[in-house]
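Down below is the structure, laid out as structure tokens.
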Amino acid sequence: MIEKIFKSLNDPQKEAVSYDDGSMLVLAGAGSGKTKVLTTRIVWLISSGKVNIGSILAVTFTNKASKEMLLRISSLVPYNLRGMWIGTFHGLCNRMLRMHHKDAALPESFQILDVQDQLSSIKRLMKTKNIDTEIIIPKDVQRFINSAKEQGLRAKDIDDSEGFNRKYIDLYDAYDDQCQREGVVDFGELLLRSLELLQRNNELRFHYQDRFKHILIDEFQDTNALQYAWIKLLSNKDPNVFAVGDDDQSIYGFRGADVSNMEKFRKEFKVKNIIRLEQNYRSYGYILDSANALIKNNNDRLGKNLWTDSGMGDQIKVVEALDDSFEANWLVDEISSLIRSNVCPSEIAILYRSNAQSRILEHQINKRGISYRVYGGFRFYDRAEIKHALAYLRLIENSNDDTAFLRIVNFPPRKIGVKSVEILQQIASLHGCSLYESINYAEGKLSKNIKFFYDLIEKTRLDSVALPLANMVDLVIKNSGLLEYYASERDGSERLENLKELVTAASGFLSDEQIDSTIPSDFGIASEQDQILNSKNSNILEEDLKAELNLSPLTKFLTHTSLESGESQAEVGKEAIQLMTVHSAKGLEYDVIFITGLEEGLFPHENSLTEMDGLEEERRLMYVAITRAKKQLYFSFAQMRKLYGQYRYHKKSRFIEEIPNENLKWVLSAQQNLSSSSDVSLNYVINQKKQTLHTENFYSNTISSSLSKNSSLYKIGKTVHHNKFGNGVILNFEGSGSDARVEVKFENNGTKWLALSIAKLDIV
DNA sequence: GTTCCACGCGTTTTT
DNA sequence: CGCGTGGAAC
């Protein structure tokens, strides 16, 4: 089996798969068979007979990626793969913390806070400390905490010699205490806690270092400092770490990912030579050439040039639209004709830089009755009704979870108001207990309603404890009153459906677990347990296994709801065209790709221009977008676009200019817009636009102000002088006519928005 | 305790 | 322009 797959690989792929001399860095270009290499390597290791399944650790960034890998491997290997650690960083750290929860100082059933929970936890903390949230913004505190954790820093580790961050640091510290008290961890905490556990506990560290002889990491360019440190700690003196990544596809710098980890890895893990996967099996020549030409404009690349032997294909079709609605309209026209010519709708994707752009596209698509699906956006488990139901389950599981308590104590409304909660908070801090427990100490100080709530939770816990998971969820939805509440709500039917869906998810989850744990291990090789018991550290391993098996289905399910998007529920609409941001398109591929809104200020995004490495990250983003296309690629941009309620004018994106003209085929200019639309009902709009064209004068990327004769001189990047604020650089502008405003970053006076009709700005 | 309106804000996001 | 948050009125 493995020989046959191995033969189907190209030379660099073979070299990577069979590499056997320490750590390896594989530079895998877009569409170069990265996942194939990773999975084949795992199969190769297992089939060699020298590597135990249990000594493999494989890390990915998304659940989707790890599931896909697991699926591919299990289809190629007749063994039970349960002993292999494969998953996301967060999933694996969670696994480790559950197993060693005592050493990690956590309750076994600790709950995981998502971003929303984390924010409300921070707000609550700030309230108890009487901190003005107008002066210190909770979201800023959240960002501060998360970025500190991403760098592996606790509050006490943060250098504050300049004294700027004292308040943030104190809040970070208090927040950690609060989480600890409540038995909850946030996403960053999963990793940091796991890292600290391994640092602190020598026995455990040696055990895992000894166990994981082979570590494989996908999307290495997306690792942050904390994840790097975790990998480093887990790999022993003789590491076999197999890192796969593509520096050109690093697009998550803004959330702490650090491409320089690749170079760091090469040095610190003594990588002898880097393997480059440069043959692309996805896209036609014009598409690939364009991607290569674009990315050449970036500095500091590890370097790589993709090639294909599947022919040039079609040029990139470029569309210039008068405005965003013409753009959307043209796209939908083109998509309709593609579908008529038998392109499968699900093979068509429209990409955009920011979510706000999807609205107008959806509007036009809807109008034509084409079915579509918007990728990303709201997670199933983020819906309010789902979070409510889950909060009941969480409180049943862990009565210390104050976040869960506060979410549901008065939902559905049961006449428990702020006052009662405040009293509980006082009692709780007096006794150093949770809000839920504090009810026991209240002794008649409170209304009966609270006692009813307490009894409700207790009764539900008792009644549900022996039930299968799905029945338990069902019972909670009924007992809590959620069912009744949404049934009586005017537009509660969709929410009811979602709650039903939650029960379905719970029952599906349970059966998945059963299938997973009953995979027969009678394939003639040692079972997982046998393999593990042969290990030197069998005592710890036995504990591992026991601990994992002992976790209640509810704990497992709640973890699942925090760590997974619930995307699989929304797997409907196979025949629909796909809409998504460029970010969420990473890792995906489609026959036809439309990259829309290719305008200066939008893509590259204006905010990126003032950030370190910002433009280069935007260019990598564009590179990712281009390389999603298999057969056909379209670019579109609009001269003017409605943003935040007003029109803004943009010139076409520099990224279009960076692609050789011979790769492009201009299929529509703005002038042609006015006659090209097939939509008759648009006529009056067209006429209005024509009028606008006559009365307004657009300059691309230039301010048109009737009050300022030399307006075309005010360009982004120009230095200007203001009598009061001194010299500054123009960062941005918006509006036109007497509304025109410019954003100026002054050398000594910060960044300000100034109305051109009022402020006097001289070009320096 | 609930409801409603005003205000402010608006890149990308997985876990 | 459209949404979510929060404070004030009922």
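Lettering follows sequence order; numbering is per chain, from 1.
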Task: Residues forming a side chain to side chain contact (heavy atoms under 4.5 Å, CB included) with A:Lys232, sequence neighbours excluded - done: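 Testing A:Lys232 for side chain to side chain contact (heavy atoms under 4.5 Å, CB included), a comparison that skips the adjacent residues, returns A:Tyr228, A:Glu268, A:Phe269.
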Please classify the nucleic acid contact of [X] as base, sugar-phosphate, or nothing, using heavy-atom distances under 4.0 Å.
{"X": "A:Val582", "result": "nothing"}
{"X": "A:Phe61", "result": "sugar-phosphate"}
{"X": "A:Tyr252", "result": "sugar-phosphate"}
{"X": "A:Glu150", "result": "nothing"}

- [ ] Identify whether a stacking contact exists between A:Phe254 and B:dT12, where the ring centres must be under 5.5 Å apart and the planes under 30° apart.
- [x]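 The base of B:dT12 is stacked with A:Phe254 (centres under 5.5 Å, planes under 30°).
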Rounding to a whole Å, what distance do you find between [X]:[atom1] and [N]:[atom2]?
{"X": "A:Leu113", "N": "B:dT14", "atom1": "CG", "atom2": "C1'", "answer": "16 Å"}
{"X": "A:Asp382", "N": "B:dT15", "atom1": "CG", "atom2": "P", "answer": "11 Å"}
{"X": "A:Leu190", "N": "B:dT14", "atom1": "CG", "atom2": "P", "answer": "17 Å"}
{"X": "A:Ile416", "N": "B:dT2", "atom1": "CD1", "atom2": "C1'", "answer": "15 Å"}
{"X": "A:Lys127", "N": "C:dG6", "atom1": "NZ", "atom2": "P", "answer": "8 Å"}
{"X": "A:Ile251", "N": "B:dT12", "atom1": "CD1", "atom2": "P", "answer": "13 Å"}
{"X": "A:Glu617", "N": "B:dT12", "atom1": "CD", "atom2": "C1'", "answer": "8 Å"}
{"X": "A:Gln221", "N": "B:dT14", "atom1": "CD", "atom2": "C1'", "answer": "14 Å"}

Closer than 4.0 Å, any side-chain N/O of [X] to the OP1 or OP2 of [N]?
{"X": "A:Asn410", "N": "B:dG1", "value": "no"}
{"X": "A:Asn355", "N": "B:dG10", "value": "no"}
{"X": "A:Asn94", "N": "B:dT15", "value": "no"}
{"X": "A:Ser608", "N": "B:dT11", "value": "no"}
{"X": "A:Asn449", "N": "B:dG1", "value": "no"}

Pairwise N/O distances under 3.5 Å, protein to nucleotides 1-5 of chain C:
{"from": "C:dG2", "atom 1": "O3'", "to": "A:Arg359", "atom 2": "NH2", "distance (Å)": "3.3"}

Any donor-acceptor pair under 3.5 Å linking the side-chain atoms of [Y] with those of [X]?
{"X": "A:Arg407", "Y": "A:Ser120", "answer": "no"}
{"X": "A:Tyr649", "Y": "A:Gln639", "answer": "no"}
{"X": "A:Asn498", "Y": "A:Glu385", "answer": "yes"}
{"X": "A:Gln221", "Y": "A:Glu219", "answer": "yes"}
{"X": "A:Asn146", "Y": "A:Gln118", "answer": "yes"}

Open item on the list: As a test of reading the structure: which of B:dT15, B:dT11, B:dT13 is closest to the side chain of A:Asn607, going by heavy atoms?
Closed with: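 Given the options B:dT15, B:dT11, B:dT13, the side chain of A:Asn607 is closest to B:dT11.
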TODO: Name the closest nucleotide to the A:Ser354 side chain, picking from B:dT12, B:dT15, B:dT13.
DONE: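 Comparing B:dT12, B:dT15, B:dT13 against the side chain of A:Ser354, the answer is B:dT12.
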- [ ] Check whether the ring centres of A:Phe405 and A:Phe453 lie less than 6.0 Å apart, and answer yes or no.
- [x]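 Centroid distance A:Phe405-A:Phe453: below 6.0 Å, so yes.
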TODO: Flag the pair A:His583 / A:Phe254 as yes when their ring centroid distance falls below 6.0 Å, and as no otherwise.
DONE: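 Between A:His583 and A:Phe254, the centre distance is under 6.0 Å.
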Between the protein and nucleotides 4-9 of chain B, list every N/O to N/O distance that falls short of 3.5 Å.
none

- [ ] Could you list the residues that satisfy salt bridge (Lys or Arg N to Asp or Glu O under 4.0 Å) with A:Glu658, not counting sequence neighbours?
- [x]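 Residues passing salt bridge (Lys or Arg N to Asp or Glu O under 4.0 Å) with A:Glu658: A:Arg619.
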TODO: Only counting residues at least two apart or in another chain, list the ones meeting salt bridge (Lys or Arg N to Asp or Glu O under 4.0 Å) with A:Asp117.
DONE: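 Here the qualifying residues are A:Lys387, A:Arg394.
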Task: Base of B:dT15 paired with side chain of A:His90 (donor-acceptor, under 3.5 Å) - done: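 By the distance-only test, yes, there is a pair.
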Task: Pairwise 5' ranking along DNA chain B for A:Thr88 and A:Lys415, keeping only the more 5' one - done: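 Residue closer to the 5' terminus by nearest nucleotide: A:Lys415.
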Determine all donor-acceptor pairs shorter than 3.5 Å in which one atom belongs to a side chain in residues 128-137 of chain A; sequence neighbours excluded.
{"from": "A:Thr128", "atom 1": "OG1", "to": "A:Leu125", "atom 2": "O", "distance (Å)": "2.7"}
{"from": "A:Asp132", "atom 1": "OD1", "to": "A:Glu134", "atom 2": "N", "distance (Å)": "2.8"}

